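Structure, as structure tokens:
Keep in mind the model is a prediction, meaning the values are calculated, not measured.
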Amino acid sequence: MSSVGELACTYACTILADIGSDVTKEKITAITQAAGVTVEPFFPMLFEKHLAGHDLVELLSKQGSAPAPAGGAAEAAPAAGGAAPAGGGDKKAAKKVESESDDDMAMSLFD
């Protein structure tokens with residue numbers, strides 16, 4: 001039953017943020033009671049303390065807006081036994097990778 005209570009508190013906080021009201025345990029409790037949802041008494045207090053000093057609208061609008069990782073995951077080499085890249089790859093680059101080995105660096109892992 002606690003997951004329903006957590007979800008109800010989450011929705012209540014979202015409603016309060018949407019109307020521009022402060023998120024307080026009293027307001028969260030009032031919204032959940034008006035919705036007819038039974039919530040453990042500690043949930044509204046936890047949500048109030050967790051969101052204190054934070055702008056919920058800003059937190060929600062930043063969700064998923066992280067910058068793309070450098071290097072591009074789409075260009076990563078396929079796993080062993082995987083398909084080759086769509087363009088067939090660059091033959092010069094493949095030849096260069098083959099020529100690089102521990103012998104070229106004049107050292108070995110077990111020396």
| message | Quick check for you: to the nearest 0.5 Å, what is the distance between D18 atom CG and I15 atom CD1? | response |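 Rounded to the nearest 0.5 Å, the CG-CD1 separation comes out at 8.5 Å.
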| said: Quick check for you: to the nearest 0.5 Å, what is the distance between F47 atom CZ and T29 atom OG1? | reply: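 Reported to 0.5 Å precision, the distance equals 11.5 Å.
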| Partners passing side-chain contact (heavy atoms from CB on, under 4.5 Å) against L16 (at least two apart in sequence or in another chain) |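 Scan of L16 (side-chain contact (heavy atoms from CB on, under 4.5 Å), adjacent residues dropped) gives I19, S21, V23, K27, I28, I31.
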| message | Please enumerate all residues that pass side-chain contact (heavy atoms from CB on, under 4.5 Å) together with D55, with sequence neighbours excluded. | response |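 Only V57, E58 meet the side-chain contact (heavy atoms from CB on, under 4.5 Å) criterion with D55.
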Identify the two heavy atoms, one from [X] and one from [Y], that lie closest to each other, and give their separation to 0.1 Å.
X	Y	value
C9	T32	N-CG2, 4.3 Å
K25	M45	CB-N, 4.0 Å
L51	C13	CD1-SG, 3.7 Å

